[in-house]
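Within every chain, numbering begins at 1; the chains are lettered A, B, ... in the order of the sequence lines, protein sequences first and strands thereafter.
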Amino acid sequence: MKKVVTRFAPSPTGTLHIGGVRTALFNYVYAKQNDGLFLVRIEDTDRERSTKEYEKNILDNLTSIGLIPDKKPINQSERNEIYIKAAEKIIESGNAYWCDCSPNELDQMRKEQIAAGKKPMYDGRSRYLGLDRNEKTVLRLATPEEGDIVVKDLIRGEIAFKNSELDDLILLRSDGTPTYHLCNVVDDFEQGVTTVIRGEDHISNTPRQIHIQNALGYPQLEYAHLPLVLGTDKKRLSKRHAATNLEEYRSQGYLDSAIINTLARLGWSKGDNEVFYLNDLIKDFNIKEVQKAGAIFDLTKLEWVNSQHLSNLSIDEFKQHIEPFLSKIDIDIENHSNVNLLINSMRSSENTLEGIAKSLIPYYKDELDYDKKAISKFCSDNSTILDDIKDLLLNIDNWTEDNLDDALKSYQTEKNLPVPKVNQPIRIALTGSTKSPSLGLTLSIFGKGLSIKRIEDLITHLNQ
RNA sequence: GUCCCGUUCGUCUAGAGGCCUAGGACACCGGGUUUUCAUCCCGGCAACAGGGGUUCGACUCCCCUACGGGAUGCCA
């Protein structure tokens with residue numbers, strides 16, 4: 001058996017799109033589970049729209065998310081001679097011809113075809129003219145006029161096209177540069193690609209590409225056309241729907257592994273399992289099980305998957321991951337006397353690292369943003385609870401969670417007060433809101449000095 | 001228009017003719033734990049696009065219609 005080689009072939013006309021990450025992922029996983037190679041090819045033949053910045057963005061992001069190519073990526077823009085040579089080979093075999101139809105003429109032709117209710121396509125009018133090359137001619141592939149061409153697809157089975165539906169596509173532009181289809185076919189051959197896994201928007205390109213392969217005498221490839229990632233309106237996911245580039249998700253605090261998990265589950269599943277890591281995918285993924293219909297990208301699912309991956313992290317891994325998000329808001333994670341306790345009790349407070357980092361602010365910074373509603377609900381009755389608690393806490397020397405809880409409980413029993421009446425004002429004093437881990441724990445995380453200071457601060461604030 | 005691909009809960013999906021009273025997960029709603037929040041646990045809501053066949057029997061097979069997407073470039 002021939003070694004499996006897959007490739008991801010983005011054009012650098014934008015940053016790495018999450019749909020692209022998914023395509024790359026399936027290519028990567030398929031290669032790895034077959035002990036094969038995963039390659040990357042930059043399709044930058046569109047000089048107008050391609051930039052080196054986008055290329056770098058794509059390559060860097062692929063690498064950092066772990067979809068590392070097994071060979072150095074190649075650029076189509078540097079391989080012109082190879083394509084020209086291939087085109088010459090097709091000319092020699094008699095499977096291509098020069099055509100001098102002007103863009104205007106073609107435009108006119110299409111309009112007439114549409115008006116006549118026909119499919120707009122090049123009608124082959126120059127095919128038998130025996131034209132020579134000049135600065136106005138393009139090279140066209142002479143597509144077989146009769147018969148069918150069958151695409152064998154791992155996901156969809158066999159898809160048949162009538163050759164009569166296919167027009168003679170352009171191989172070389174009038175300026176002599178090769179087009180997408182030619183480059184694509186030649187490179188897949190040159191790179192030894194065996195399996196093409198790409199979006200379903202390429203299905204109708206496939207029969208055309210097979211004709212080029214045939215003209216060149218290349219072997220048949222294996223195909224798998226993935227369903228598209230859609231937005232909520234069932235159209236291809238775009239910036240209108242949600243963030244589309246990978247970096248945005250990362251900067252919001254979604255774990256790479258969670259993004260990969262979510263993308264893999266979009267169109268594929270395995271029993272009742274929801275949580276998958278890259279290694280699981282290499283073990284369990286089966287391209288033949290991929291769904292045929294497009295799948296809507298659902299942010300809430302990503303959030304949940306992220307929370308699962310977050311909770312699977314060890315404390316050290318978690319700290320490592322959240323560190324950049326904390327330093328972004330000027331917090332040094334280690335600048336806390338009870339870091340591990342704090343992190344462990346707060347790590348499930350939100351679904352993203354960015355959200356958790358924000359909820360950690362009261363534990364590191366002194367300026368509190370008091371929740372006005374909470375204050376009016378729990379602190380507006382002129383009671384002496386805060387003063388009482390302050391005095392109570394002042395007398396506790398053994399500052400432990402259990403001790404603190406006991407002290408609070410006996411105060412509350414003694415005064416015959418409902419628990420929230422006692423606890424919530426303290427929470428507000430400590431964190432600015434009524435949200436925090438259990439109160440004894442929260443107090444022990446803050447430590448005696450800071451706890452008392454915060455209670456004093458709130459008393460002052462209320463007296464203003 | 002033409003060709004191609006699709007269509008199971010709001011969303012991701014299970015389902016290869018009887019196992020389906022259509023299962024799981026997210027979301028949502030309710031309850032419990034935490035006398036806060038989050039986590040966690042329990043429960044609930046909710047779908048086979050429509051119509052014809054084939055069959056003893058169809059979510060599963062065939063046809064038609066509808067709807068959605070893609071392709072129809074000297075873009076990739």
* Nearest-Å distance once atom P is located in both B/rU36 and B/rA14 -> 40 Å
* Asked: Which part of the nucleic acid does A/Ser11 contact within heavy-atom distance under 4.0 Å: base, sugar-phosphate only, or nothing?
  -> sugar-phosphate
* **Mate of B/rG1 where both pairing distances stay under 3.5 Å, Watson-Crick or G-U** => B/rU72
* Output yes when at least one side-chain N/O atom of A/Lys119 is less than 4.0 Å from OP1 or OP2 of B/rG1, else no. => no
* Structure fact -> Per nearest nucleotide of RNA chain B, the residue lying toward the 5' end, A/Ser345 or A/Ile170, is A/Ser345
* Can a side chain N or O of A/Gln113 be found less than 4.0 Å away from OP1 or OP2 on B/rU72? -> no
* Asked: Which of the following nucleotides, B/rG70, B/rU35, B/rA76, is nearest to the side chain of A/Asn205?
  -> B/rA76
* Asked: Of all the choices, B/rA71, B/rC74, B/rC4, which nucleotide is nearest to the side chain of A/Arg236 once you look at every atom?
  -> B/rA71
* Consider the side chain of A/His181, meaning its heavy atoms from C-beta on, and name the nucleotide among B/rG69, B/rC26, B/rA76 that approaches it most closely. => B/rA76
* Structure fact -> A/Tyr180 has its side chain closest, among B/rA76, B/rC5, B/rA71, to B/rA76
* Asked: Per the atom types in the model, does the base of B/rC74 pair as donor or acceptor with the side chain of A/Ser174 at under 3.5 Å?
  -> yes
* **Closest listed nucleotide, where the reference is the side chain of A/Ile203 and the choices are B/rC74, B/rC5, B/rG69** => B/rC5
Atom pairs under 3.5 Å, N or O on each side, protein against nucleotides 10-12 of chain B: can you list them with distances?
from: B/rC12; atom 1: OP1; to: A/Ile296; atom 2: N; distance (Å): 2.9
from: B/rC12; atom 1: O2'; to: A/Arg265; atom 2: O; distance (Å): 2.8
from: B/rC12; atom 1: O2'; to: A/Arg265; atom 2: NH1; distance (Å): 3.4
from: B/rC12; atom 1: O2; to: A/Arg265; atom 2: NH2; distance (Å): 3.4

* Asked: Do you know the tightest heavy-atom contact between A/Ile212 and A/Val185?
  -> CG2-CG1, 3.9 Å
* Asked: Between B/rU55 and B/rU60, how far is it from one C1' atom to the other, in whole Å?
  -> 13 Å
* Asked: Is it true that the side chains of A/Thr195 and A/Glu222 contain a donor and an acceptor less than 3.5 Å apart?
  -> yes
* Using a heavy-atom cut-off of under 4.0 Å over every strand shown, decide if A/Lys162 touches base, sugar-phosphate, or nothing. => nothing
* Asked: Which one is paired to B/rG6, where only Watson-Crick or G-U wobble pairs with both distances under 3.5 angstrom count?
  -> B/rC67
* Where A/Lys292 and A/Glu200 come nearest, the two heavy atoms and their spacing -> O-OE1, 4.4 Å
* Asked: With A/Leu458, which of A/Ile426, A/Leu430, A/Ile428, A/Leu368 fulfils side chain to side chain contact (heavy atoms under 4.5 Å, CB included)?
  -> A/Ile428
* Asked: Honestly, is A/Arg140 close enough over A/Tyr122, meaning NZ or CZ under 6.0 Å from the six-membered ring centre and within 45° of the axis?
  -> yes
* By a strict heavy-atom criterion of less than 4.0 Å, which residues belonging to residues 413-426 of chain A are in contact with RNA chain B? -> A/Val419, A/Gln424
* Asked: What is the nucleic acid contact for A/Ser269, judged by heavy atoms within less than 4.0 Å: base, sugar-phosphate only, or nothing?
  -> sugar-phosphate
* Structure fact -> Re B/rA22: Watson-Crick or G-U wobble partner, both distances kept under 3.5 Å, found to be none
* To do: Any strand is fair game: report the nucleotide pairing with B/rG44 by Watson-Crick or G-U wobble, both distances under 3.5 Å, or none.
  => B/rC28
* Side chain of A/Arg49 only, please: which of B/rA14, B/rC75, B/rG6 is the nearest? => B/rC75
* Considering only heavy atoms from C-beta outward, does the side chain of A/Asp132 approach that of A/Trp98 to under 4.5 Å? -> no
* Keeping the roles fixed (side chain from A/Asp167, backbone from A/Met121), state whether a donor-acceptor pair exists under 3.5 Å. => no
* Comparing A/Thr442 and A/Lys118 on RNA chain B - which has the more 5′ nearest nucleotide -> A/Lys118
* Taking the P atom of each, how far is B/rG23 from B/rG15, in whole Å? -> 15 Å
* Please lay out, stage by stage, how A/Phe38 and A/Tyr30 fare under the test ring pair (Phe, Tyr, Trp, His ring centres under 6.0 Å). => CA-CA 8 Å; A/Phe38 167 67; A/Tyr30 188 78; over 10 Å; no
* Asked: Does a side-chain N or O from A/Arg208 land closer than 4.0 Å to OP1 or OP2 of B/rU72, or not?
  -> no
* Nucleotide nearest A/Leu106 (side chain, heavy atoms from C-beta), chosen from B/rA25, B/rC74, B/rG70 -> B/rC74
* **Separation between the P atoms of B/rC5 and B/rC61, rounded to whole Å** => 15 Å
* Asked: Closer than 4.0 Å, any side-chain N/O of A/Arg173 to the OP1 or OP2 of B/rA76?
  -> yes
* Can you check whether A/Arg110 has a side-chain N or O nearer than 4.0 Å to OP1 or OP2 of B/rC74? -> yes
* Pair assignment for B/rU34, Watson-Crick or G-U wobble, requiring both distances under 3.5 Å -> none
* Asked: Are any of A/Ser204's side-chain N or O atoms less than 4.0 Å away from OP1 or OP2 of B/rU72?
  -> no
